[in-house]
Structure formats: structure tokens, C-alpha cells
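Here is the structure we will look at, set down as C-alpha cells.
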Amino acid sequence: MNNIFLDFDGTIIDVWKRYYKIFCDFYKIDIDFELYKNEKRKYKSDFLLTEKYANIALFNEYKIYKKNNLENIDFLKLDTVILYNNDISNFKILTFRNNYNNLLLQIDYLDLKINLNNIICLDPKITTKKKYLMSFNDVIIVGDSESEYECSENENTTVFLVKTGLRDISTFNVKDNVFLLNDINQFINLLKNNQITNKQLNDI
């Protein structure tokens, strides 16, 4: 299995504190962190979250603030590594990022061992992960959201969804080529034990 792609945000790194701080800083509120996580997964939309906990009249301003700060290096420093082993140089990274240089800075200060030639940054306004992966054969993608889940519509693609991201993946429709995992470390262990390449996936 040569074409293994890993999502970055929510899969390799925990982004919850970044999203939480941006939300709380803009609206100047102090919502409990665990409550925010539960509600974010429940509502998905920041609009519904704002409607319940903040001033909805400021929502358009919040969207601009969030867009301008989501990849700001100060907020990126709130992210933490989920991986037990920081060396993922043999894997391809498939991510949506607007600021490639800040991604490289983040990889450096998180001490992640990634082959820079294996980093693919997509612009969501231009393409999707599903479309990007269509040209590959025998693909595995590991991620935490709808953008990875829809890749299961491609032939010869197996999708592993982890529970560490912003979405409640338990609500996604069950498919024969979609598997739910606790985190990226479980995927790495399955790979090491040949439970993926040998198609021994029934026990997941």
C-alpha cells in the first residue's frame, strides 16, 4: 500500500484549543472548554453555536476574524501533537491550508518529522480531497471530517476516520470502505501489524 494520505488538522494534531480560543476571544465569553467541544460537534455550524452562546449580530464579523486568525502562528501554537511517534516521513500529508509557510513553521516547532516533498496543500475553493485522489490507485486516507469521508465514493479508496477532530464521525453513514478509529495511533498500530494491508479489518 503505497498511497497512504494523512489529514493534518484534527488527525495528526489536536486543534480544539485553537478553535475554542478564537471563538471565545472574539465574543469575549468564557464558555467551558468541554462544553464547547460537545456543542461544536453537536451543531457543526458556528452560526448555531453563536446563536446559542454569543451575539448573533456579530456573526459576520466573527467569520472574518476567524478566517484572518485561524492560521495565525500565535493561535497555531495552541495545537498539540496526537501522534505517539513524531516520525511520519513515509506518509503523504493531504491538507487544506492557506498559509503554507505557517504550516512549515508549525511542523518545525511541533518537532514533526515530515518529508516536505510529501506535503500536499489544497485550496478548498478550487478542489476537494476526493477529486485530488481520483487519479491514484489503491488509496488509503486517514482524516476526521466530511472531506475525507466523501473520498470513500472513489473506487479503490479506503477511509479511516478518527474521533479526535471537530466532527462527530459516529453520525456518518456506515460504508464497507469506511472505518472509525479512536485516533491516528490506532491506525499506525494496525498498519504495523499488517491488519490493513492484509484486509484484516473486521475486528475494528
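We count residues from 1, following the sequence as given.
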In terms of the angle between their ring planes, are Y62 and F23 parallel, tilted or perpendicular, with boundaries placed at 30° and 60°? perpendicular

Note to self: Applying ring-ring contact (aromatic ring centres under 6.0 Å, His included) to F136 and F5, what does each step give before you reach the verdict?
What the structure shows: CA-CA 11 Å; F136 295 88; F5 295 84; 5.2 Å; yes

Salt-bridged, [X] to [Y], with N to O below 4.0 Å?
X: D111; Y: K113; value: yes
X: K163; Y: D168; value: no
X: D46; Y: K40; value: yes

Can you tell me how far apart [atom1] ([X]) and [atom2] ([Y]) are? Round to the nearest 0.5 Å.
X: I120; Y: T95; atom1: CD1; atom2: OG1; value: 10.0 Å
X: D79; Y: I12; atom1: CG; atom2: CD1; value: 12.0 Å
X: K131; Y: E150; atom1: NZ; atom2: CD; value: 9.0 Å

Is the side chain of [X] donor-acceptor paired with the backbone N or O of [Y] at a distance under 3.5 Å, no angle test?
X: D87; Y: S89; value: yes
X: D108; Y: L104; value: no
X: N115; Y: F91; value: no
X: N69; Y: N72; value: no

Is it true that atom [atom1] of [X] has more than 12 heavy atoms of other residues, nucleotides or ligands lying nearer than 6.0 Å?
X: K52; atom1: NZ; value: yes
X: K37; atom1: NZ; value: yes
X: K44; atom1: NZ; value: no
X: D30; atom1: CG; value: no
X: D176; atom1: CG; value: no

Would a 4.5 Å heavy-atom cut-off, applied to side chains only, mark [X] and [Y] as touching?
X: L161; Y: L181; value: no
X: I114; Y: N86; value: no
X: F172; Y: V178; value: no
X: N154; Y: V139; value: no
X: Y65; Y: D25; value: yes
X: F179; Y: I140; value: no
X: L166; Y: V15; value: yes
X: K67; Y: N98; value: no

Exercise. Is K21 close enough and on-axis enough to F26, meaning under 6.0 Å and within 45°, for cation-pi?
Worked result: no

Ring center gap for F59 and F47 short of 6.0 angstrom
yes

Closest heavy-atom pair and its distance - [X], [Y]:
X: I82; Y: N185; value: O-ND2, 3.0 Å
X: C151; Y: V159; value: C-CG2, 4.1 Å
X: Y27; Y: N55; value: CE2-O, 3.6 Å
X: R18; Y: L70; value: NH1-O, 2.9 Å
X: N85; Y: I88; value: O-CG2, 4.4 Å
X: V142; Y: I184; value: CG1-CD1, 3.8 Å

| Is L35 reachable from L48 through a run of hydrophobic residues whose side-chain heavy atoms are each under 4.5 Å from the next? | yes

Step-by-step side chain to side chain contact (heavy atoms under 4.5 Å, CB included) determination, T158 to F160: CA-CA 7 Å; T158 302; F160 291 86; 3.6 Å; yes

Quick one, R41 with R167, criterion side chain to side chain contact (heavy atoms under 4.5 Å, CB included). Give me CA distance, side-chain angles, the key distance, then yes/no.
CA-CA 5 Å; R41 283 199 173 114; R167 294 288 180 260; over 6 Å; no

Taken in chain and number order and not counting sequence neighbours, the residues that satisfy ring-ring contact (aromatic ring centres under 6.0 Å, His included) with Y100 are none

Decide yes or no on side chain to side chain contact (heavy atoms under 4.5 Å, CB included) for Y43 and N38, but give the supporting numbers first. CA-CA 9 Å; Y43 290 109; N38 291 334; over 6 Å; no

### Message
Test side chain to side chain contact (heavy atoms under 4.5 Å, CB included) on C24 and I31; report intermediate values, then the result.
### Response
CA-CA 7 Å; C24 292; I31 181 175; 3.5 Å; yes

